[in-house]
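First, the structure itself, so that you have it in front of you.
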Amino acid sequence: MSAAGPVGFVGLGNMGRRMAANLAAAGFALVVRDSDAGAQQRFVAGHGGEPAGSPRSFAEAGVVVTMLPDSGAVREAILGWEGGIAAALKPGAVVLDLSSSDPVGTKALAQDLGPAGVRVIDAPVSGGITRAEAGTLSLMVGGQDEDAFTRVRGVLETVGERIFRTGPLGSGHAMKALNNFLGAAAYTTAAEALAVGREFGLDPGVMLDVFNASTGRSFNTEHVMKEDVITGRYGTGFALGLLAKDVAIAAGLADAVGVDAPACQLVRRRWAEALAGLGFAADHSEAHKRWWQADLRTSPPQGQDPG
C-alpha cells in the first residue's frame, strides 16, 4: 500500500460504500465521512474504520478519496465543511476525486489547494454497482504528478481493475463525462427504437434479441434495456440526475473547446427533460417514461398476465 497514513473516504452512497468496503477488506485504515450520519455509522459497524466527527479526523491521512455527486459537493467537503478537510491535511497529501466532477471545477480545486501543498488527482470510475462491489471498476486517471500518482496507486488498484492514464489534471473527469454522454445517447436511441417498434407491433424482448445479435448492440441493449426496462425492474442503482449532470458536463465541454456537437446538445436536452419530469433520484433506466407513454415491457407468453 503506497498511501501514507490512513485513507480518508468521503461519500458512502451506492458506489462509495462498496469501494470503501473493498479498501477496508484490503487492510487500509480508513477515516470515513458521509453527510448522512446513519450511513457513516452503518459503514463503521460493518467494516470498521474511524468515523469522521470533524475535518481534524483526517489530519493524518495521506490520501483523501471523494466519491460524491458533483464538483460542488467535492468542493464543500474539501474547503467548506467546518473549514474544510484540506485545512487539516499535511503538505504532500493527495485528494483523489473519484466522483464524476466537472473538469473545470477540478482544476480550480487544485489551484486553491496548491499553496497548502495538497495535490489533486481525478480518477472517475465506470462499471456500476456490480463492479464497484467486485473491485473491478475502470478508472480514468488525470494528473501528471507522478509522486501523487504513486501515493494513490494502491487505492486505485484496490477499487479498480483497469487504470487508464488520460493526461493532465481534469482529463479523467472530461473522459468520464464523454463516456457517459455516449452511454446516455445509446440509451436514448435504444429507447426510441423500442418505442417505434412497440407501436408497430414488435415485442421489445424480441427486438433486443435481434439488436444484441446485430450491429445495434450496446451496453444499454445488452444490460439496461434487457435487465431493467423490458422487465419493469428499473433497478440499476444509478440516479437519473447523475447521468443528466454528466451529459451536461460533456455538452459544456464541447462549447468550451469550440466543437460543434449537435448530437450532444440534443441528448443533453432529452435528459434534462427526463430530469425535470421524473426527479433526480429516479433510476436512470426510467428516463423513457418522461418521453412517451409507451409501455416498453416485453409481452408475456400468451395467456400470462404481465403483472
Side-chain angles (χ1 to χ4, degrees), residues 13-15 69-70 100 126-132 176-254 260-307:
N14 285 337
M15 295 285 287
D70 55 36
S100 295
S126 182
I129 288 174
T130 300
R131 287 174 60 190
K176 175 61 185 292
L178 293 169
N179 177 74
N180 279 12
F181 153 57
L182 288 181
Y187 175 99
T188 304
T189 55
E192 287 187 9
L194 291 181
V196 172
R198 165 69 91 176
E199 290 303 307
F200 186 76
L202 288 165
D203 178 78
V206 173
M207 294 176 70
L208 286 175
D209 287 342
V210 174
F211 295 154
N212 290 331
S214 307
T215 56
R217 183 179 68 252
S218 71
F219 177 86
N220 276 273
T221 61
E222 289 185 322
H223 296 286
V224 179
M225 296 294 168
K226 192 78 171 177
E227 297 164 13
D228 288 279
V229 173
I230 69 169
T231 62
R233 185 176 77 114
Y234 299 115
T236 69
F238 186 44
L240 189 157
L242 293 176
L243 187 53
K245 177 261 300 179
D246 289 346
V247 177
I249 291 174
L253 185 61
D260 181 26
C264 189
Q265 299 297 341
L266 178 58
V267 173
R268 178 192 62 79
R269 290 195 297 272
R270 205 63 164 144
W271 283 84
E273 291 171 8
L275 174 61
L278 299 174
F280 189 98
D283 196 85
H284 88 282
S285 61
E286 298 182 78
H288 72 87
K289 294 179 180 178
R290 176 63 181 83
W291 302 334
W292 327 278
Q293 296 301 311
D295 181 357
L296 298 187
R297 291 178 299 171
T298 193
S299 299
Q302 192 170 4
Q304 181 177 322
D305 188 337

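Since the model is a prediction, treat every value here as computed from it, not as a measurement.
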Thr221 backbone acceptor or donor facing Asn212 side chain under 3.5 Å: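 Answer holds: yes.
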
Side chains of Ser218 and Asn220, donor plus acceptor under 3.5 Å: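 On atom types as modelled, these side chains do not qualify, holding no pair under 3.5 Å.
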
All side chain to side chain contact (heavy atoms under 4.5 Å, CB included) counterparts of Leu275, not counting sequence neighbours: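 Listed in chain order: Leu240, Ala244, Phe280.
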
Point-to-point distance, once rounded to the nearest 0.5 Å, from CG of Asn180 to CG of Leu243: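 Asn180 atom CG to Leu243 atom CG measures 5.5 Å (nearest 0.5 Å).
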
salt_bridge(Asp209, Lys226) N-O dist < 4.0 Å: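 Result for this pair is yes, salt bridge flagged.
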
Donor-acceptor contact below 3.5 Å, side chain Asp203 vs main chain Val206: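 Between the backbone of Val206 and the side chain of Asp203 there is a qualifying donor-acceptor contact (under 3.5 Å).
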
Which atom of Val210 lies closest to which atom of Ser214, heavy atoms considered: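 Here Val210 and Ser214 meet closest at O-OG, 2.6 Å.
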
Smallest separation among heavy atoms of Ala250 and Cys264, with atom names: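 Looking at all heavy atoms of both residues, the closest pair is C-SG, 3.9 Å.
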
Validation row: Val229, Tyr187 side chains within 4.5 angstrom (heavy atoms):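 Yes. Closest side-chain heavy atoms under 4.5 Å.
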
Spatial distance of atom CZ (Arg233) from atom OG (Ser285) [nearest 0.5 Å]: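 The OG atom of Ser285 is 8.0 Å from CZ of Arg233, to the nearest 0.5 Å.
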
Smallest separation among heavy atoms of Ala193 and Met207, with atom names: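 Ala193 and Met207 have their closest heavy atoms at O-CE, 3.1 Å.
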
Side chain Lys245, main chain Pro69, donor-acceptor under 3.5 Å: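 Yes, the answer is positive, given that a donor and an acceptor are paired below the 3.5 Å cut-off.
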
Atom pair CG (Asp295) and CG (Leu194), whose distance is rounded to the nearest 0.5 Å: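 Asp295 atom CG to Leu194 atom CG measures 11.0 Å (nearest 0.5 Å).
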
Check against side-chain hydrogen bond (donor to acceptor under 3.5 Å, both in side chains), Asp228 and Thr236: CA-CA 7 Å; Asp228 288 279; Thr236 69; 5.7 Å; no

Non-neighbouring partners of Phe211 that pass ring pair (Phe, Tyr, Trp, His ring centres under 6.0 Å), sequence neighbours left out: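 Not a single residue meets the ring pair (Phe, Tyr, Trp, His ring centres under 6.0 Å) criterion with Phe211.
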
Residue pair His288 / Ala191: nearest heavy atoms and the distance that separates them: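 Of all heavy-atom pairs spanning His288 and Ala191, the closest is CB-CB, 4.2 Å.
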
Closest non-hydrogen atom pair, Ala177 against Ile249: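 Taking every non-hydrogen atom into account, CB-CG2, 3.6 Å.
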
Under 3.5 Å donor-acceptor, Glu222 side chain and Phe219 backbone: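 Judged by distance alone, no pair lies under 3.5 Å.
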
Trace of the side chain to side chain contact (heavy atoms under 4.5 Å, CB included) decision for Asp70 with Ser100: CA-CA 6 Å; Asp70 55 36; Ser100 295; over 6 Å; no

Which atom of Glu273 lies closest to which atom of Trp291, heavy atoms considered: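 For Glu273 versus Trp291, the nearest heavy atoms are OE1-CD1, 4.0 Å.
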
Glu192 side, atom CD; Trp292 side, atom CH2 - distance, nearest 0.5 Å: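 The CD atom of Glu192 sits 5.0 Å away from the CH2 atom of Trp292.
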
Ring-ring centroid check His284 Tyr234, cutoff 6.0 Å: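 No: the rings miss the under 6.0 Å criterion.
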
Val267 vs Phe181, side chain to side chain contact (heavy atoms under 4.5 Å, CB included): CA-CA, chis, key distance, verdict: CA-CA 8 Å; Val267 173; Phe181 153 57; 4.0 Å; yes

Residues in side chain to side chain contact (heavy atoms under 4.5 Å, CB included) contact with Ala248, at least two apart in sequence or another chain: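 Here the qualifying residues are Arg268.
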
Verdict with reasoning, Leu208 to Thr298, per side chain to side chain contact (heavy atoms under 4.5 Å, CB included): CA-CA 10 Å; Leu208 286 175; Thr298 193; over 6 Å; no

